[in-house]
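Some notes on the structure that comes next.
Here is the naming used below: chain letters follow the sequence lines, and residue numbers restart at 1 for every chain. Reckoned from all heavy atoms, side chains included, excluding hydrogens, waters and symmetry mates.
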Protein chains: 2
Amino acid sequence: MSNAYNRPDQLSPELRRRVLDTARRLGYPGPDPVARSLRTRKAGAVGLLLTENLSYAFRDPAAIGFLEGLALACEDAGTGLLLVPANPEREDVASVHRAGVDGFVVYSVPDDDPHLAAVLERPVPTVVCDQPDLGTVDRVGIDDRGAMYELAKHLISLGHRRVGVVCMRLARDRNDGFVTPDRQHAAHFHVQRNRLSGLAEAFSEAGVDWSQVPVVERFDHNMASGASGAAQVLDKDPQITALICTSDVLALGALTEAARRGLRVPHDITVTGFDGIRPGEEAGLTTVRQPVLEKGRAAGKLLLDASERTRPRSVNLATELIIGKTSAAPRGGAEERWFGP
Amino acid sequence: MSNAYNRPDQLSPELRRRVLDTARRLGYPGPDPVARSLRTRKAGAVGLLLTENLSYAFRDPAAIGFLEGLALACEDAGTGLLLVPANPEREDVASVHRAGVDGFVVYSVPDDDPHLAAVLERPVPTVVCDQPDLGTVDRVGIDDRGAMYELAKHLISLGHRRVGVVCMRLARDRNDGFVTPDRQHAAHFHVQRNRLSGLAEAFSEAGVDWSQVPVVERFDHNMASGASGAAQVLDKDPQITALICTSDVLALGALTEAARRGLRVPHDITVTGFDGIRPGEEAGLTTVRQPVLEKGRAAGKLLLDASERTRPRSVNLATELIIGKTSAAPRGGAEERWFGP
DNA sequence: TGAAAGGACCGTAACGGTTCAGAACCAATT
DNA sequence: AATTGGTTCTGAACCGTTACGGTCCTTTCA
């Protein structure tokens with residue numbers, strides 16, 4: 001009887017001992033967790049859905065920070081954290097259906113991801129992170145658009161008008177190359193869409209024709225992509241004075257490409273990132289710092305906090321503009337451009 | 001009827017459509033994963049037990065690499081990966097009992113960890129990693145002892161005889177300070193015990209009285225620990241020519257402490273690590289590279305490979321001695337010591 | 001001494017799916 | 001017309017646990 005294991009106060013010590021003894025003698029391995037879950041309707045775990053290959057989560061510093069925060073929240077609650085395998089290639093949502101969890105955290109997947117749809121169909125609480133507010137489930141994120149707008153304003157105040165952009169992938173299909181304004185608007189990744197839109201707004205306000213600004217997209221998110229993306233932008237328009245990257249990882253790659261070309265940063269070219277990861281900090285990157293660990297922790301707290309009062313809830317965390325040593329006024333100075341021919 | 005969902009070939013398309021329709025109309029959310037698991041006796045997930053606070057796994061580069069490899073293997077098999085919260089403070093093995101998984105991977109926990117014992121009681125396949133061979137379950141690891149022996153031999157051939165050691169924690173209790181030979185022998189962490197024993201053997205063979213060698217232990221595993229550990233060793237014996245650290249993270253910390261003291265590496269002092277993580281590589285650290293990602297992947301493969309033939313299986317992965325630029329002959333040269341007074 | 005109260009123990013009914021045996025049905029063969 | 005074979009469909013058993021309510025025994029108090 002399970003009482004012997006779980007509720008020692010419900011029976012006499014003597015009986016308990018006897019039950020446990022015979023259980024051991026019969027080779028009983030202890031209560032089965034799955035059957036228990038079925039009966040109690042508690043799995044003791046939350047599921048994490050990332051659209052990238054599962055292992056990606058361990059290669060991207062920002063994702064690692066998020067995971068750490070989420071793990072922290074789970075740990076506090078004594079809950080397990082189930083990484084759900086959601087291979088973006090095959091549209092195999094079975095893994096979502098098979099996950100025995102009490103809730104889901106969905107981290108930065110495209111709006112139209114079938115796995116996300118499958119999660120929303122499950123009758124368990126869900127928190128989406130770095131996603132648009134769906135109105136039906138809790139959400140945690142930052143003001144990507146506002147933060148990027150602020151960064152752009154800073155560059156504009158330094159005098160930059162001719163810029164290029166390297167961004168992460170905007171949709172589920174692979175498009176390693178230039179991005180049309182249409183594709184920017186229609187981007188299925190909420191984060192990227194908003195960062196680009198913040199840039200577009202700020203530069204448009206400064207009189208720049210955004211449709212003429214070279215924006216290059218990279219499917220894979222690593223330094224090599226940042227480097228090759230930067231190369232593609234610089235090949236297209238060697239005159240740009242600033243290279244705006246939508247993540248620090250891309251920016252770090254861009255820095256290596258700049259170095260390879262003999263461009264001094266920030267004297268010859270300004271490079272900016274987004275996220276505020278450690279290696280970026282060490283490189284003195286101008287960027288927007290976002291509290292990735294707190295984001296994960298907030299998502300976990302939201303999911304595990306049972307208080308039903310005001311649902312759905314939406315949490316926006318603060319970001320901070322970090323002026324590093326990879327940004328400066330363009331060569332020749334802002335004034336020259338203002339008063340020049 | 002579950003056939004409609006899972007076995008479309010077992011019934012006519014017409015009935016299937018009808019069943020699914022009414023299911024939707026009744027608001028049926030699809031088959032319950034827990035009930036399914038109970039019946040099929042498959043949870044579709046493997047559990048990962050790390051004794052450290054769950055979040056630690058996301059802060060240690062070697063652990064991250066292991067996790068990535070394990071996640072890769074899980075992904076290939078379409079299996080979930082459940083991080084089991086095993087707070088080392090409270091001896092709460094309930095989380096192990098509650099985990100609905102098809103198997104466990106246990107990563108570098110102390111021999112006497114109650115969570116490990118709880119895992120072994122569960123009637124599911126288990127793979128232990130960086131642990132002693134238990135004889136009853138699969139195991140994957142490296143030859144920590146041999147690898148460290150080889151590294152020590154290299155230092156000895158350079159002429160080092162007077163050395164100090166900074167190691168990770170050796171047992172569940174906190175002991176930030178010098179380690180007696182007894183404690184080294186009795187260490188509950190297999191990895192640390194073997195690395196120290198490899199060192200002891202090599203230096204003993206070279207005529208060094210190992211019991212006189214300062215060995216400092218640090219409970220927390222981060223660069224600050226490496227720095228303070230190095231400081232403690234250097235304070236005790238400023239004459240040492242080499243600082244051997246049992247991990248790269250500690251070694252990186254030791255490098256900062258050396259720099260703080262104005263000691264040039266490797267001219268004034270040799271510093272070595274263990275693991276072969278990226279930041280160590282960038283610092284040119286002399287170390288032993290171990291294939292952490294492969295280790296994780298091998299653990300996953302072993303667990304998910306159902307072939308029952310030769311159990312338990314034991315896998316040893318190859319390591320590689322990396323001679324970086326943090327090691328050199330001691331100042332004054334090896335010869336001076338050989339032929340000196 | 002009898003009734004009420006409380007505690008210990010035990011039996012049973014879900015939880016929600018999967019599986020399997022067999023019923024019902026239709027078609028083809030003898 | 002009856003037997004055979006095959007397919008589609010239905011019903012019941014089972015997976016292992018926990019929640020619940022009932023029985024029985026002991027204790028307490030009027």
Whole angstroms only, please: what is the [atom1]-[atom2] distance between [X] and [N]?
{"X": "A/Arg36", "N": "C/dG17", "atom1": "CZ", "atom2": "P", "answer": "21 Å"}
{"X": "B/Arg98", "N": "D/dT18", "atom1": "CZ", "atom2": "P", "answer": "11 Å"}
{"X": "B/Arg122", "N": "D/dG16", "atom1": "CZ", "atom2": "C1'", "answer": "13 Å"}
{"X": "B/Lys42", "N": "D/dG16", "atom1": "NZ", "atom2": "P", "answer": "13 Å"}

>> Exactly one of B/Leu49, B/Val128, B/Leu50 should register a side-chain contact (heavy atoms from CB on, under 4.5 Å) with B/Tyr107. Which one does?
In response: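 Exactly one candidate clears the test, B/Leu50.
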Between [X] and [Y], is there a donor-acceptor pair closer than 3.5 Å when you use the side chain of the first and the backbone of the second?
{"X": "B/Asp275", "Y": "B/Ser247", "result": "no"}
{"X": "A/Thr22", "Y": "A/Arg18", "result": "yes"}
{"X": "A/Arg169", "Y": "A/Glu217", "result": "no"}
{"X": "B/Arg172", "Y": "B/Asp112", "result": "yes"}
{"X": "A/Gln131", "Y": "A/Ser108", "result": "yes"}

Could you run down the sub-3.5 Å N/O contacts of the protein with nucleotides 13-15 of chain D?
from	atom 1	to	atom 2	distance (Å)
D/dC14	O2	B/Arg39	NH1	2.9
D/dC15	O3'	B/Arg41	NH1	2.8

